[in-house]
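One structure is given here, and the rest of the page talks about it.
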Amino acid sequence: MDLPPDIAPEPLGAAEIAWDGAATAETRTEALYLEIDGWEGPLDLLLDLARRQKVDLRRISILELVDQYLTYIEQAEALRLELAADYLVMAAWLAYLKSALLLPKDEQEDPSPEELALRLQLRLQRLGAMREAAARLMGRDRLGRDVFARGAPEGLRVDRRNRWQCEWFDLIRAYGDVKIRAEPVVHMVRERMVMTLDSAIQRVSSMLGVAIDWMDLRDFLPHASEAWANPQLRRSALASSFVAALELARTGRAELAQEETFGPLRLKAVRR
Amino acid sequence: MSSEAGAPDDLVRAVEATLFAAGQPMTIEAISAHLGQAEVRAALDELQRHYAGRGVRLVERGRRWHFETAPDLAHLLRREREEPRRLSRAATEVLAIVAYHEPVSRAEIEAIRGVQTAKGTLDVLMEAGWVRVAGRREVPGRPVIYATTPEFLAHFGLKSLKELPGIDDLRAAGLLDPVDDDMIEAALGSDHDGDATAPGQNDDGVASSGQSA
Amino acid sequence: MSSEAGAPDDLVRAVEATLFAAGQPMTIEAISAHLGQAEVRAALDELQRHYAGRGVRLVERGRRWHFETAPDLAHLLRREREEPRRLSRAATEVLAIVAYHEPVSRAEIEAIRGVQTAKGTLDVLMEAGWVRVAGRREVPGRPVIYATTPEFLAHFGLKSLKELPGIDDLRAAGLLDPVDDDMIEAALGSDHDGDATAPGQNDDGVASSGQSA
């Protein structure tokens, strides 16, 4: 490593560090006018020009720098290179700065051209310092390039282990539920008391056969004696008898009549 | 060669770093090739000695060398945190069936429950340590059969499965009472009442009486 | 605590094994939590001493600890094929500015560089895991500010930003002060407009030909 990270730079200051790499500027000299694409804006170009002075950035001659910049711009224009507007704005500002620097002191405005020059110098120093810092950073021993972490770490894991919970009663009740579910069909049919449609049709048609006049549908139901006392069963019988009546009407064996909404539903056999 | 207590020589350090950074175990030949055909056998031996009592050790497995954490510290790499979890209803049912009918195959469990049993359900019960594979039934297909474990008995405080209540006991306890319409009605009713966050969200879009809209 | 030459005690071994096994650098708090809230600082110091001369060393990077190979062995271990992402000059500059000035807004980065910085440049650095959004500056416009990550420190082998090369001298020289140079800003101001069409302002993370990195 040419830049050992642990060795502090000379107290001379950052600017010197920044210009370690000035040698690269030389290789560019002849290519200067062809390398308009090489700069990232006017500040970058100024910095490169400043490096050519090969002195501490704090001691560069701003006037010389301005001349170099303006010369560059002129030559670029002579070569009909298309310059971005910001290069031209900088050129104008530097031309102004130069003339102000050359004016007698007593005609100075505030801020003074000297201060402006100083600020420009500081700008260049800042950019130069960061550029150099970037190079030093990139030159460090980098993890994954120069030094390596463990190639095959086993990894640390925190496993969440379930501690399953189940209560005694839950277990027993679950079994009860399974048992109940296991025989649901038999259960339900046996419990439910209904009059089936078939038996209703049979009952209604046989009773119609002996009837002479209109009969209320309710009269076809079994008497509410002990076997038919269950209200659920009576509702079932009513429903089945109604469907039976509809079926007999549909097949032309009975007539249905109802005088008013919710009024008694009456039926009579059709005599052929 | 460096002494045990002193600083390792460069070859030892190079082998150490190479094996540390390697993505997989390396043969002696591979290590040697990596380090310019150096003779690395002695370095490996020294490293192995050096790491013998440490938290990491150098081991040879199938002619390949690698570092691994010391086996007595394996528990540090995989720490367990226990989280109590309630068994799901389905798992509880399956557990009950295994307990009452063991040994029992998955097909039999499904036949008794009347629904398919996800494989995961039995896995949960085995993870809990309450159910184990008890062999295979010697019938066509040789299905795996399941039984309970001593941990199951311990967890539920049973000496044996004979202590499980019989069918008659269940009936006496009201656990085999049919689920009748009234109960469903009541269950549904209470469910609707309990649905406090969504009043009036009936299917017909009309808030039912008794519910504040 | 064990002596340097003797066998390490259990805590030292446990910390050693934990850091060897960890997939990424760990803070003292994380190590401690993993080892049942043990006090691990002294163990880390002992391990760091123990590994100082070996092929592997224990380092602290941004309050996180990990083992890595010794830097002087880089020539043996360097993997040409796996060279880390080559950054453009613009990207390395922006990275340096973020590191030396953090937290820093994009406008501040641009003020130092004198050119607009394409969004892609910061994206590249964030994708690499070296730069993160560190909130917003509480000034008008509330600009997003950027800072480096622990991965940045780990990658470049820095214990903290205080170890950035030359940072003390740069600070003493006033080169890290906030940029508030209105006059020059005004002179350079137009480049913020003309920049987009200007040639050679390849801020998109790709180095242009003719530039030495």
Side-chain angles (χ1 to χ4, degrees), chain A residues 1 5 140-195 229-240, chain B residues 17-25 56 66-69 74 76-87 89-97 99-100 109 111-115 124-125 127-130 152 155-158 164-165 167 169-171 173-181:
Chain A
M1 287 308 113
R140 288 182 65 85
D141 287 324
R142 288 161 63 181
L143 191 61
R145 187 187 70 169
D146 309 295
V147 298
F148 297 88
R150 188 166 180 205
E154 286 108 322
L156 296 174
R157 285 221 332 250
V158 178
D159 288 348
R160 292 216 187 95
R161 218 179 95 91
N162 296 317
R163 198 172 69 243
W164 291 100
Q165 309 258 307
C166 184
E167 300 304 318
W168 163 251
F169 179 73
D170 294 335
L171 184 74
I172 301 309
R173 194 180 54 190
Y175 191 66
D177 291 346
V178 169
K179 276 308 206 191
I180 292 161
R181 260 209 328 267
E183 24 190 286
V185 182
V186 186
H187 216 62
M188 301 306 269
V189 169
R190 200 172 45 205
E191 284 294 306
R192 193 101 144 263
M193 294 192 294
V194 294
M195 176 187 275
N230 186 320
Q232 276 186 334
L233 181 56
R234 292 199 68 78
R235 287 170 70 87
S236 162
L238 181 61
S240 294
Chain B
T18 300
L19 282 172
F20 172 83
Q24 52 212 15
V56 173
H66 73 276
F67 281 112
E68 64 177 30
T69 44
L76 294 176
L77 308 186
R78 205 167 290 177
R79 297 190 76 81
E80 287 191 345
R81 188 179 303 154
E82 285 210 326
E83 289 183 354
R85 280 185 67 181
R86 268 195 92 73
L87 215 52
R89 184 172 177 84
T92 309
E93 281 185 18
V94 171
L95 180 62
I97 292 168
Y100 274 89
I109 295 170
I112 295 167
R113 282 192 73 214
V115 285
V124 161
L125 295 174
E127 184 195 305
W130 293 335
F152 168 82
H155 181 87
F156 291 99
L158 300 169
L164 285 172
I167 297 298
D169 300 322
L170 295 181
R171 187 167 289 122
L175 290 170
L176 292 183
D177 288 349
V179 184
D180 63 28
D181 293 353

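Each chain gets a letter, A, B and so on, in the order the sequences are listed, and its residues count up from 1.
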Checklist entry - For the candidates Ala174(A), Cys166(A), Gly155(A), which exhibits the highest count of non-hydrogen atom pairs separated by less than 4.5 Å from chain B? => result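 With the most close heavy-atom pairs to chain B, the winner is Cys166(A).
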Checklist entry - Do the non-hydrogen side-chain atoms of Leu164(B) and Trp168(A) ever get within less than 4.5 Å of each other? => result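 They are in side-chain contact.
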Next on the checklist: I'd like to check Trp164(A) versus His155(B) (side-chain heavy atoms, cut-off strictly below 4.5 Å). Are they in contact?
Outcome noted: no
Next on the checklist: On a heavy-atom basis, which atom in Gly23(B) and which in Ala152(A) lie closest, and how many Å separate them?
Outcome noted: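 That closest heavy-atom pairing would be O-CB, 3.4 Å.
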Item to check | Closest approach of Phe20(B) to Ala149(A) (non-hydrogen atoms, all atoms of both residues) | outcome: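 The answer is CE2-C, 3.4 Å.
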Checklist entry - Contact part of Val124(B) toward chain A, heavy-atom cut-off under 4.5 Å: side chain, backbone, both or neither? => result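 Backbone plus side chain of Val124(B), per the 4.5 Å heavy-atom cut-off to chain A.
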Item to check | Part of Leu76(B) lying under 4.5 Å from any heavy atom of chain A | outcome: backbone
Could you give the distance from [atom1] ([X]) to [atom2] ([Y]), rounded to the nearest 0.5 Å?
X: Glu154(A); Y: Thr69(B); atom1: CD; atom2: OG1; result: 3.5 Å
X: Ile97(B); Y: Lys179(A); atom1: CD1; atom2: NZ; result: 9.0 Å
X: Leu171(A); Y: Glu93(B); atom1: CG; atom2: CD; result: 10.5 Å

Item to check | side chain to side chain contact (heavy atoms under 4.5 Å, CB included) between Ile172(A) and Tyr100(B), intermediate numbers included | outcome: CA-CA 10 Å; Ile172(A) 301 309; Tyr100(B) 274 89; 3.7 Å; yes
